[in-house]
Structures are given as structure tokens and as C-alpha cells.
There are 2 protein chains.
Amino acid sequence: MGLRIGPAGPSFPIVNTRRAQILDAAAVLIGRQGYSATSIDDVIKESRLSGKSHFYHYFRSKEELGFEVLDRQFERFAERGLAILREPMIDPMERLSLFIDSLVAAHAERGCHGGSPFGTLAAEMSDAHEGFRLRIAQVFVRWASQIQSLLWEARPRLHDDVDALRLSRFIIAALEGGLMMSRVKRDITVLEGIALDLKRFIAIHLREPEGVASKRRDVANA
Amino acid sequence: MGLRIGPAGPSFPIVNTRRAQILDAAAVLIGRQGYSATSIDDVIKESRLSGKSHFYHYFRSKEELGFEVLDRQFERFAERGLAILREPMIDPMERLSLFIDSLVAAHAERGCHGGSPFGTLAAEMSDAHEGFRLRIAQVFVRWASQIQSLLWEARPRLHDDVDALRLSRFIIAALEGGLMMSRVKRDITVLEGIALDLKRFIAIHLREPEGVASKRRDVANA
DNA sequence: CAAATACTGGACTGTATGGTCCTACAGTCT
DNA sequence: AGACTGTAGGACCATACAGTCCAGTATTTG
């Protein structure tokens, strides 16, 4: 475990570098093919391991690999994707909009392949493997709570009766559904349209009628 | 092929009754476990076939079975689930609301298991099998066009700038995402909340601001 | 009755899989 | 030099799977 490479190499311990490589390779494969369809041999080939025993030196089982891939995937997502939601210098509602845009952009970059790793895994494993189901449920809980924090921060601009938990779940559901549909159609405009509508829905929770959503609403009711 | 049952039975040929049984059994299994995780042997056991050769008497391959299960699943859905959308005696927007409720109720009845067969299959097969991907994409196209017809029918009550295609896709995406999240959490209230928000979103497309209770139709348009 | 037709049931092939085990080599430490 | 350790590489096992083949048995039909 305390492995270091020689004096020519970096001085920090590269413990688990191999492990990390395996995790990364497996994340790509699982994201593309799903968990069951990704074999240990695939992972070995992709991460240039020497053989099965080498793999099993780092992981006790395929399940352990899968769990850690999922954990890592969410950490990455929290650090990179969800980070926008916490940017302190940007208006909260603006951040939410940027976050949605970033998801759309990432999906476009992938050529509408792969969708959401969490949604894909959820569909595959929810009824097949309780351990995965619980971990994926946790992922969505944490994702939703990030959005809730943002909503809480923006509460002066929101109507009093906004249910932050419900709204955060709705946002995630629309995005996940949009990713799935855009993926199956291989058409980014599907997701773009959903993102647009989603933003309009978010906008109706604002106190003052806002630009994007201003469809000349006849506020003259009452 | 020309099998008939005796004089006591119906006089029409019950050709393909066995086939239909297999399809039904396979639909249940595939809906629960996915396509890859459902083996031919599972299907044989579930539909009480005598052996592999018997199965291959009706289907050329597992792929053929999968395709027909998907087709059948959508036909069923169009006849039963989507039928509400076409009820001529009910107000269009009311129908849409009832349709959403029926999906929620069906999911509750299943104990939040299984989710949407189309969404599940889409997640599993979109990047793995082009044939399935195309068929599933078609399913969503047809589903969306049913909603568009309804929206077209209701257009006097809708704002002029309502994009029926986009809205229909959004509705499906939210429902699919909601089913997925509700399934992974095993919590029907997740889907209920999403259904509620979805209805609110739909409501903002109406010309007259609609109260939750006010079902008053100003038919006096034109 | 006899031929054709459908159903039954299992043996078998080839491939893929998760997982274990064993041997061999290279470098390190004493 | 000799013990120890991590890496390599592969043989191996048990299981599962899609798909084929065939031999035997009802059942119908000419």
C-alpha cells in the first residue's frame, strides 16, 4: 500500500494510482454499457492490467468495483458539475440556469451518448440489486439537497409557498427524463427544449415576473 | 400452426395463443429485469414451454422476441394507458390530468417497482443495440404525437405561442424521470409531487389563469 | 391404418463470465 | 546470497447463456 516510485518520479505517494486508473476505465465502460454488460475482462483490457489476479489484487469483487465507481462518479459530479450551484459570486437563480446549460452542453459533447450515469444505473439496477438501488437513491438525495440549498439561498426572490424539496426533485426528474429521451433520439434539441421549458417552470416560482418567462402575462387578474 | 381447440372452445383459430403467452411472460420478465438479464430459459419456465426447441418454434431469436415484446407493450399502452387521452366526452386538459394520475396510480399499484418499460429499455439498450434504440425512439414519437393531438384539440384554451411538440416531450420527460426517481427511492410521493408540479406547468399554458378548483370553461371564444 | 403435423424433453455446442490458484520474474531489504 | 514482496500472465473451474439437433410421442387428417 505504501508504494512509492523511485527518485525520478513524483515525490507524492502514487498509492492507488492503479486503482484510480481502474476506476476511471470502469466508469467509462459502465457509463457506456451499463454494469452487467461490462465484464471484468473489459475493465482489465481498458486499464491495461496484466490479468485477472491483478484486478483482484485491487478489488475484492465486481460488486465492490461497481460501488466505488458509483461513489467516485458522484464525487466527480459534485466537484465539477454541481460546483456551479455553489458559486458564491453569481446570483442563485442564474446559477441554476447555468447548471442546466452545463448538463445540456456536456450531453451535446458526448454526441447524445451515455445520458446520465445515475439514471442509467438506476434503470438497470433498481429492481435487480438492492445495494446499488440504495446508493443511487442516495445520489439523488444529495443532488436534490444541493438544489434545495440554492433555493433556500434564493428564498427572498421566491414565492413563500415554494416547496424546495419538491421543486428540486422535479428539476432532477425533468433533466434525467430529458437526457434519456435525447439519448434515445440522438437529438440534442430534445434536451434543449426540455431545458428551456424547465427554466420557464422555475421562473414561475419567482416573485417578480422575469424576463425569459415574460410572455406578456396578463398579471391583471385578481 | 392450424391448431384449434375442440368443439367446446371458441371456433376461431387460436393460432399464436402460445405465442401471445410467451410474449406476455417475456414482457413481465423484461419489464422487471431488463432485456439482457432475462434469459430464454426464464421465459420458457415462466410461460410453461416444454423446452428450448419449443420456444424456437415460435421465435427465431431472442432479439425477435424482444422486438415483439416492445411492439406489443406499446400497443397495450396505446390501447389502455393512452386511451384516456382520446376520450371524446372529457375536456382535453382534464384528460391530460387524468392520464398523469393513471400513470401515478399504476406505479403505486406496482409498489414502485418496474418504472416505465420504455424508459428502462431505453436506458439499457440505447447505446448497446441500434435496433432497439430506433424502436424505442419511435415509441416516444408516437406517445408524444398523441399528446400533441390532444393539445391541438385544446388549442382554443391555450396561449398562441404554445409549442405542442416541445410541451409533449417535456411532459413525457418529466413523467419518465419521475418514474425513475420514484422507483429508485421506492417512494410514490416522489412521483406524486412531480405529477403535481407537472400539472402546474401545464396550467401556465392556459389562456385563463386556472384555479385548482375552478373548472369553468369560457367556451365563449372564437 | 398411415402419413403428416405438432408437442415434449433433453443432450449438446460454443462462448462468455466471475472468480480462484499457481507459477515465474524483477526488485528490495536484511 | 537468500528471504520477501509486488507484478505478470495464464491455466483453470463452475456457471450461465443463446442457439442447434434429434429422438420420441401425441394428435390430427387423408
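So you know, we letter chains A, B, ... as the sequences are listed, proteins then strands, and number each from 1.
- In this structure, A/Arg48 does not reach the D/dA8 phosphate: none of its side-chain N or O atoms is under 4.0 Å from OP1 or OP2.
- Rounded to an integer number of Å, the gap from NE2 of B/His54 to C1' of D/dA26 is 13 Å.
- A rotation axis mapping the C1' atoms of four pairs onto the next four is fitted at both ends of the helix from C/dC1-D/dG30 to C/dT30-D/dA1 over five pairs, and the angle between these axes is 10° to 10 degrees.
- One interatomic measurement links the two molecules: CG of A/Leu49 to C1' of D/dG6, which rounds to 14 Å at whole-angstrom precision.
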Using distance only, find each side-chain donor-acceptor pair of residues 43-52 of chain B under 3.5 Å and give its atom names and separation, not counting sequence neighbours.
from: B/Ser47; atom 1: OG; to: B/Val43; atom 2: O; distance (Å): 2.6
from: B/Ser50; atom 1: OG; to: B/His54; atom 2: ND1; distance (Å): 3.2
from: B/Lys52; atom 1: NZ; to: B/Asp41; atom 2: OD1; distance (Å): 3.2

Could you write out each protein N or O paired with an N or O of nucleotides 14-20 of chain C at a distance under 3.5 Å?
from: C/dG18; atom 1: OP1; to: A/Lys62; atom 2: NZ; distance (Å): 3.0
from: C/dG18; atom 1: OP2; to: A/Ile40; atom 2: N; distance (Å): 2.9
from: C/dG19; atom 1: OP2; to: A/Tyr56; atom 2: OH; distance (Å): 2.9
from: C/dG19; atom 1: OP2; to: A/Lys62; atom 2: N; distance (Å): 2.9
from: C/dG19; atom 1: O5'; to: A/Tyr56; atom 2: OH; distance (Å): 3.3
from: C/dG19; atom 1: O6; to: A/Lys52; atom 2: NZ; distance (Å): 3.2

Counting only pairs under 3.5 Å, give me each side-chain donor-acceptor contact of residues 167-184 of chain A, with atom names and distances, residues two or more places apart or in other chains.
from: A/Ser168; atom 1: OG; to: A/Ala164; atom 2: O; distance (Å): 3.2
from: A/Ser168; atom 1: OG; to: A/Leu165; atom 2: O; distance (Å): 2.7
from: A/Glu176; atom 1: OE1; to: A/Ser116; atom 2: OG; distance (Å): 3.2
from: A/Glu176; atom 1: OE2; to: A/Ser116; atom 2: OG; distance (Å): 2.7
from: A/Ser182; atom 1: OG; to: A/His107; atom 2: ND1; distance (Å): 3.4
from: A/Ser182; atom 1: OG; to: A/Asp187; atom 2: O; distance (Å): 2.9
from: A/Arg183; atom 1: NE; to: B/Asp127; atom 2: OD2; distance (Å): 3.4
from: A/Arg183; atom 1: NH1; to: A/Thr120; atom 2: OG1; distance (Å): 3.2
from: A/Arg183; atom 1: NH1; to: B/Ala123; atom 2: O; distance (Å): 3.4
from: A/Arg183; atom 1: NH2; to: B/Asp127; atom 2: OD2; distance (Å): 3.1

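- In this structure, the NZ atom of A/Lys45 is 15 Å from the C1' atom of D/dG10, given to the nearest Å.
- Residues B/Leu150 and B/Phe99 have side chains not in contact (no heavy-atom distance under 4.5 Å, counting atoms from C-beta outward).
- At least one side-chain nitrogen or oxygen of A/His57 sits closer than 4.0 Å to the OP1 or OP2 atom of D/dT7.
- Annotation: side chain to side chain contact (heavy atoms under 4.5 Å, CB included) contacts of A/Leu134 (sequence neighbours excluded): A/Glu130.
- Residues satisfying the salt bridge (charged side-chain N to carboxylate O under 4.0 Å, His left out) criterion with A/Asp42, sequence neighbours excluded, are absent altogether.
- Looking at residues two or more places apart in sequence or on another chain, you find a ring-ring contact (aromatic ring centres under 6.0 Å, His included) between A/His129 and A/Phe67, A/Phe132.
- Here B/Arg155 pairs with nothing under the salt bridge (charged side-chain N to carboxylate O under 4.0 Å, His left out) rule; sequence neighbours left out.
- For B/Phe59, the ring-ring contact (aromatic ring centres under 6.0 Å, His included) criterion is met by B/Phe55, not counting sequence neighbours.
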